[in-house]
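A quick write-up on the structure given underneath.
Please read all numbers here as calculations on a predicted model, not as lab measurements. Just so it is clear: chains get the letters A, B, ... in the order the sequence lines come, proteins before strands, and each one is counted from 1.
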There are 2 protein chains.
Amino acid sequence: MKAENLRRTRTNVRANVRNVPGPCAHWNDEDADFIREVLDLVGDKWSVLIIGTLADKPVRYSDLADAIPGISQRMLTLTLKHLQRTGLVTRTSYPEVPPRVEYALTELGTSLLSTVLALAAWSADNHAEIRRHQTEYDRAGTVRRTV
Amino acid sequence: MKAENLRRTRTNVRANVRNVPGPCAHWNDEDADFIREVLDLVGDKWSVLIIGTLADKPVRYSDLADAIPGISQRMLTLTLKHLQRTGLVTRTSYPEVPPRVEYALTELGTSLLSTVLALAAWSADNHAEIRRHQTEYDRAGTVRRTV
DNA sequence: CAGCATCCCTTCCGATACTG
DNA sequence: CAGTATCGGAAGGGATGCTG
């Protein structure tokens, strides 16, 4: 189990501490793991784009590649497998020549889509304000660039 | 602008194509950029944990470090700066000895929290089913491990 | 058409040491 | 206490070539 490198350092102190303050009022440590699992899935570079593309109909592999700007073959395949494993999409291959494979959202995938749409709406709503903050923050950092 | 390596390859073909199919019924390419920006922010390893910890009261630097299991000093500082730049948290330092610095959610940060809570709820609700799919998927892959 | 395997460069991030 | 600076391993992800 390679527990040998649990040497206590200044970082990551809390692992060895009893009686810690709860991390957050909205979830416990275990919940935090779950949400991070979902965020790792959803926060990756392509998953959300794929889910969005599959939103209302099954799409075949090459059509996905065409529909999603900039995705590489490798990442398309990898992400689809990942989504499949999580139970968000299904893969159906039709024994024809030439071969045809269609990917579709499962019910689970659809339910996640609607949740993600809330985030998309937030993004659209607050995009301008975020930009404002960013440029202001960056401008403040440029003061006295003495070099 | 180093446009020289725009040699058209089999990957990433769409960049050179006119008349492409829209990527998704729920957002256009530009929206996709915004949502990915937010996902990059929120999908990173620590942002959500920090936001959750700041949910109902300002918290000082060292208390954040204690409250969030496993975070390194480097990542705490980095993520806080990132969240600041985006306008989700504020930093207030009190000129005392010893120094005290408190981080707090802005209104923007609070609004994002409530959106993220929806995702947290989804995670909790569907965690068990996701696990089911994962183990089933993995079991299927273990068939005929001939080596 | 629908992938898989390989190479390789970039980014992320934890550990560690040092400062106002 | 609240950071900054630097290093090195691990992971992410694009390009390319090959297969059923």
Looking at every strand, decide which applies to Y94(A) at a 4.0 Å heavy-atom threshold: base, sugar-phosphate, or nothing. nothing
Can you see if the side chain of Y61(A) gets near the phosphate of dC4(C) - specifically, an N or O under 4.0 Å from OP1 or OP2? no
List the atom of A32(B), the atom of L49(A), and the distance in Å for their closest heavy-atom pair. CB-CD1, 3.8 Å
Between the two ends of the helix from dC1(C)-dG20(D) to dG20(C)-dC1(D), what is the bend in degrees, rounded to 10 degrees, where each end axis spans five pairs? 40°
Between dG14(D) (C1') and I68(A) (CD1): distance, integer Å: 16 Å
Check the distance between dA2(C)'s P and L80(A)'s CG and give it to me in whole angstrom. 11 Å
Rounded to the nearest Å, what distance is computed from the CZ atom of residue R91(A) to the C1' atom of nucleotide dG3(C)? 9 Å
Y103(B) OH to dC1(D) P: how many Å, rounded? 15 Å
D63(A) atom CG is separated from dG3(C) atom C1', nearest whole Å, by 15 Å
Using the side-chain hydrogen bond (donor to acceptor under 3.5 Å, both in side chains) criterion, which residues pair with D31(A)? Sequence neighbours excluded. none
For L76(B) and dT16(C), give me the distance from atom CG to atom P, rounded to whole Å. 18 Å
Per atom distances to the S62(A) side chain, the nearest of dC1(C), dG3(D), dA2(D) is dC1(C)
Taking only residues two or more places apart in sequence, or in another chain, which ones meet A104(B) in a side chain to side chain contact (heavy atoms under 4.5 Å, CB included)? P58(B), T90(B)
Please name all residues satisfying side-chain hydrogen bond (donor to acceptor under 3.5 Å, both in side chains) with T86(A), sequence neighbours left out, ordered by chain then number. none
DNA chain C: T77(A) or P99(A), which has the more 5' nearest nucleotide? P99(A)
Not counting sequence neighbours, which residues clear side-chain hydrogen bond (donor to acceptor under 3.5 Å, both in side chains) with R100(A)? List them please. E96(A), E102(A)
Rounded to whole angstroms, how far apart are NE2 on H82(B) and P on dT11(C)? 15 Å
Nucleotide N/O of nucleotides 11-13 of chain D paired with protein N/O under 3.5 Å:
{"from": "dG13(D)", "atom 1": "N7", "to": "R74(A)", "atom 2": "NH2", "distance (Å)": "2.6"}

With the side chain of R60(A) defined as its heavy atoms from C-beta on, choose the nearest nucleotide among dG3(C), dC1(C), dG3(D). dC1(C)
Can you list everything that forms a ring-ring contact (aromatic ring centres under 6.0 Å, His included) with H26(B)? Sequence neighbours excluded, please. none
Who pairs with R60(A) by salt bridge (charged side-chain N to carboxylate O under 4.0 Å, His left out), at least two apart in sequence or on another chain? none
Of all residues at least two apart in sequence or in a different chain, which pass the side-chain hydrogen bond (donor to acceptor under 3.5 Å, both in side chains) check with E37(B)? R131(A)
Specify the separation, in whole Å, of atom CZ of R100(A) and atom P of dG3(C). 13 Å
From the list dG3(D), dA2(C), dA2(D), which nucleotide is the closest neighbour of the side chain of Q73(B)? dG3(D)
S47(B) side chain to L41(B) main-chain N or O, any donor-acceptor pair under 3.5 Å? yes
